[in-house]
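Everything below concerns the one structure shown next.
Every chain is numbered from 1 and lettered A, B, ... according to where its sequence line falls, protein lines coming before strand lines.
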Amino acid sequence: MSAATLRVALVGNPNCGKTALFNQLTGGRQKVANYAGVTVERKEGRFVGPSGRTLQILDLPGAYSFDATSPDEAITRDVCLGRYPGEAVPDLIVCVADATNLRLHLRFVLEVRRLGRPMVLALNMMDAARRRGIDIDVAALSRRIGVPVVETIAVKRGGAKGLIERIDSEVPDIQPSPVDQADVDQLHAEVRAILAATVTTARDNVAIDDAIDRWVLHPVFGLGILAVLMFMIFQAVFSWAQPVMDAIQAGVTGLGTLVTSTMPEDSALHSLLNDGVFAGLGAVLVFLPQILILFLFILVLEESGYLPRAAFLLDKMMFRVGLTGRAFIPLLSSFACAIPGIMATRSIQDPRDRLTTILVAPLMTCSARLPVYTLLIAAFIPDRTVWGVFNLQGVVLFVLYFAGIFSALGVAFVIKRLRKDKSEHALIMELPSYRFPNVRDIALGLWERALIFLKRVGGIILALTVLLWFLSSFPGAPEGATGPAIDYSFAGRLGRLLEYVFAPIGFNWQICIALVPGLAAREVAVAALGTVYAMSGSDDAVASQLGPVIAHQWSLATALSLLAWYVFAPQCMSTLAVIRRETNSWRNVAVAAGYLFGLAYLASLATYQIARALS
Amino acid sequence: MRLSDAPKGAQAVVKTVTDAHPADPIAQRLRDLGFVAGEPVRLVARGPLGGDPLLIQIGSTRFALRRNEAERVEVSVEGAA
């Protein structure tokens, strides 16, 4: 690092617009990683100031106080103090405060000032403050707290110009602030004194929030609005994404054909690239549209201030079963895929609540289960109307979805009962003012999610797919063999072995083999079943031909048992890998895989035995 | 009166935050967030299920507090004893 580089740390309360300011300063030049050894997100970016000096900006997690109650806050405190291993002490602290919410934010500003480090106060959302009739005497404020104060509007182009000029100018003239010792009451008294001397509010500035909250948090209408929103999101995720998903599937397959067209068809390299690499790549990429659409909604709802309201509405219900209202967002994401869902648990600051949410997230019916459900339902459930209005196939799908949700609530409840730490963990959640989402921040957020998903999951799925391709291709069939080649491979032998375990729940050896590649991604099981039944063609073609074949060969009990299995089974290596990453513990992976496997086996055993007894 | 028992919409003033047990981190956090003597607070809304959690406005900030969190805050309501 050159001596000319200035290290700047952004600190501030949650909801102060710090991340928007960070985006404004650094644009797309960001590096998102984790702090060493923990799963708190570390965001860093850099830009060259007007003077030619490089400014390196670190976006620290939002904090209400240095009296840390969460891992996030502890990191913010330790980095500011230069106590965090591997992080250099920042040359300058930019403390960001929401100008419309100074009563709360100024207290943290004073706490930061006590550190005695060079600092600048960025008064953010000055435009909103003016609109609400809040008049701040910036010069007087700067004199009172003894640090330079600049106005910023993080969501407006050029809104950080003053801040850039300030931090790019010579730093030494920013004197370390006076250190004082004050208890919490004195600190608040100081805040009140400063506010009284520097801020005048023309009118009650929460009228808009009051008007919206009256409906959004209404016991009846509020829940109604939430239900309608959720319904719309699900519609969008499943209907808008389909054309793009088809296009991606076709594109990857086409690319694979193109790349491998010059190779001999029976070569191992051809098979590896086609069946291993490109099939694996397609299996990952195909979920990107759904994930992006879901995250588009989540980001818009989050930026507008609605999501904490949804958490407010649902907290009581979720608390009863041992979760928290904050778990709503990650569990919602898990309907697209458990991986972004588990990643979204980062918004739950309490480690205990977060772990419970991570452990139950795989029970939400992710979109990868749909191909399997669709195949089995179409093959075994008659397409007829029940109770006058409902389609029996639709009812079964609905039951499968709700089986997932109810079992998640049940498992969370059991975890609550089992855990030794029964102390009270707080909700205390800020409901920020409503605001219009900023297009730039939404776009950057989506870009970030897409990159994280592709990097983390792409690597894992690709590696496993290649490994499973190897297992199902070698050793090849001996001369004069009559059965399908997969019979003689490692995967085939594994399937035969597994049959001893799975016979009681009605799985034949073909299903057992399909379960093996299905470990990489659930929907691969459909293609694998196709291979086992010695068929060829694309996934869709296999699915449509496979239906009649299994309808003929399997009993209804076996099909129902496999459906029950898929509600619970931990058949997704990438989910387990993300649990490992996000909790930093193999033990949690073992717990998750163990209980999911146990539930899946028991559910399938019960389903198979009952269905057989009844038929 | 406890903040959790305050009537909806009524203006109240914080008297004190009491620790539910020694070194209560939740009480400490509430004080950090501005629940200190003399601050005006208002119970804006109650959750739809069993009236929990509570939406509390302090200054221009709104917090969702569970009932047992709000029980730690002692307030006096204008026009009430």
Side-chain angles (χ1 to χ4, degrees), chain A residues 13 15 64-67 69 98 100-105 107-108 111 132 134 183-185 187-189 191-192 195 201 204-206 209-210 213-214 216-223 226 305 308-309 311-317 319-320 324-325 423-433, chain B residues 3-4 8-75:
Chain A
N13 282 69
N15 304 309
Y64 287 110
S65 159
F66 281 142
D67 227 350
T69 58
D98 175 357
T100 67
N101 202 359
L102 273 185
R103 188 183 289 266
L104 175 66
H105 290 194
R107 203 200 64 86
F108 184 61
E111 216 179 310
R132 292 183 182 195
I134 302 169
D183 73 4
V184 64
D185 281 319
L187 216 49
H188 283 293
V191 167
R192 272 201 295 268
L195 287 176
T201 306
D204 180 17
N205 59 41
V206 294
D209 287 347
D210 259 349
D213 276 344
R214 193 166 299 135
V216 165
L217 299 181
H218 188 274
V220 178
F221 296 111
L223 287 175
L226 179 64
R309 265 90 183 170
F312 173 87
L313 289 173
L314 296 176
D315 180 70
K316 183 70 185 180
M317 189 187 80
F319 179 69
R320 271 192 198 138
T324 157
S423 63
E424 183 186 355
H425 285 218
L427 173 67
I428 311 187
M429 174 175 63
E430 188 181 344
L431 274 62
S433 275
Chain B
L3 179 55
S4 48
K8 190 174 150 185
Q11 281 294 344
V13 173
V14 176
K15 288 207 295 211
T16 180
V17 175
T18 39
D19 288 10
H21 49 85
D24 180 2
I26 294 176
Q28 182 56 39
R29 173 49 36 122
L30 288 170
R31 289 184 204 107
D32 284 345
L33 294 178
F35 290 87
V36 291
E39 289 289 329
V41 291
R42 181 164 65 99
L43 196 155
V44 181
R46 292 175 191 274
L49 307 160
D52 196 16
L54 309 169
L55 179 57
I56 307 295
Q57 170 134 357
I58 178 158
S60 54
T61 320
R62 300 185 158 194
F63 289 103
L65 303 185
R66 290 196 184 124
R67 184 185 291 276
N68 49 16
E69 289 156 20
E71 275 172 3
R72 290 172 166 87
V73 183
E74 192 68 27
V75 296

Revision key, fill the gap. From the list B/L30, B/V44, B/L49, the residue making the most non-hydrogen contacts under 4.5 Å with chain A is B/L49
Exercise for review: Can you see which heavy atom on B/H21 is nearest to which on B/P25, and at what distance?
Suggested key: CE1-CD, 3.9 Å
Check your understanding: Between B/R31 and chain A, which part of the residue has a heavy atom less than 4.5 Å away: side chain, backbone, both or neither?
Key -> both
Practice item. Using a cut-off of under 4.5 Å on heavy-atom pairs, state which of B/I26, B/V36, B/D32 scores highest against chain A. Key: B/D32
Check your understanding: Would A/I134 and A/L102 count as a side-chain contact (heavy atoms from CB on, under 4.5 Å) if you check the C-alpha gap in whole Å, the side-chain angles of each, and the deciding distance to 0.1 Å?
Key -> CA-CA 10 Å; A/I134 302 169; A/L102 273 185; over 6 Å; no
Review point. Chain A heavy atoms under 4.5 Å from B/A20: which part of the residue, side chain, backbone, both or neither?
Key: neither
Review point. Using non-hydrogen atoms only, which part of A/E424 is less than 4.5 Å away from chain B: side chain, backbone, both, or neither?
Key: both
Check your understanding: Rounded to the nearest 0.5 Å, how far does CZ of B/F35 lie from CD of B/Q28?
Key -> 13.5 Å
Exercise for review: Tell me, for B/D24 versus chain A, whether the close heavy atoms (under 4.5 Å) come from the side chain, the backbone, both or neither.
Suggested key: neither
**Study point:** Segment of A/L313 engaging chain B (4.5 angstrom heavy-atom cut-off)
**Key:** both
Check your understanding: So what's closer than 4.5 Å to chain B heavy atoms on A/H425: side chain, backbone, both or neither?
Key -> backbone
Review point. Do B/S4 and B/R46 meet the criterion of a side-chain donor-acceptor pair at a distance under 3.5 Å?
Key: no
Practice item. Under 4.5 Å heavy-atom distance to chain A, tell me which part of B/L54 shows up: side chain, backbone, both or neither. Key: backbone
Check your understanding: How many angstroms lie between atom CG of A/N15 and atom OG1 of B/T61, to the nearest 0.5 angstrom?
Key -> 9.5 Å
Review point. What part of A/N13 lies closer than 4.5 angstrom to a heavy atom of chain B: side chain, backbone, both or neither?
Key: neither
Check your understanding: Among all residues two or more places apart in sequence or in another chain, which pass the side-chain hydrogen bond (donor to acceptor under 3.5 Å, both in side chains) test with B/E39?
Key -> A/R103, A/R192
Revision key, fill the gap. Of A/E111, A/E430, A/H105, the one forming a side-chain hydrogen bond (donor to acceptor under 3.5 Å, both in side chains) with A/Y64 is A/E430
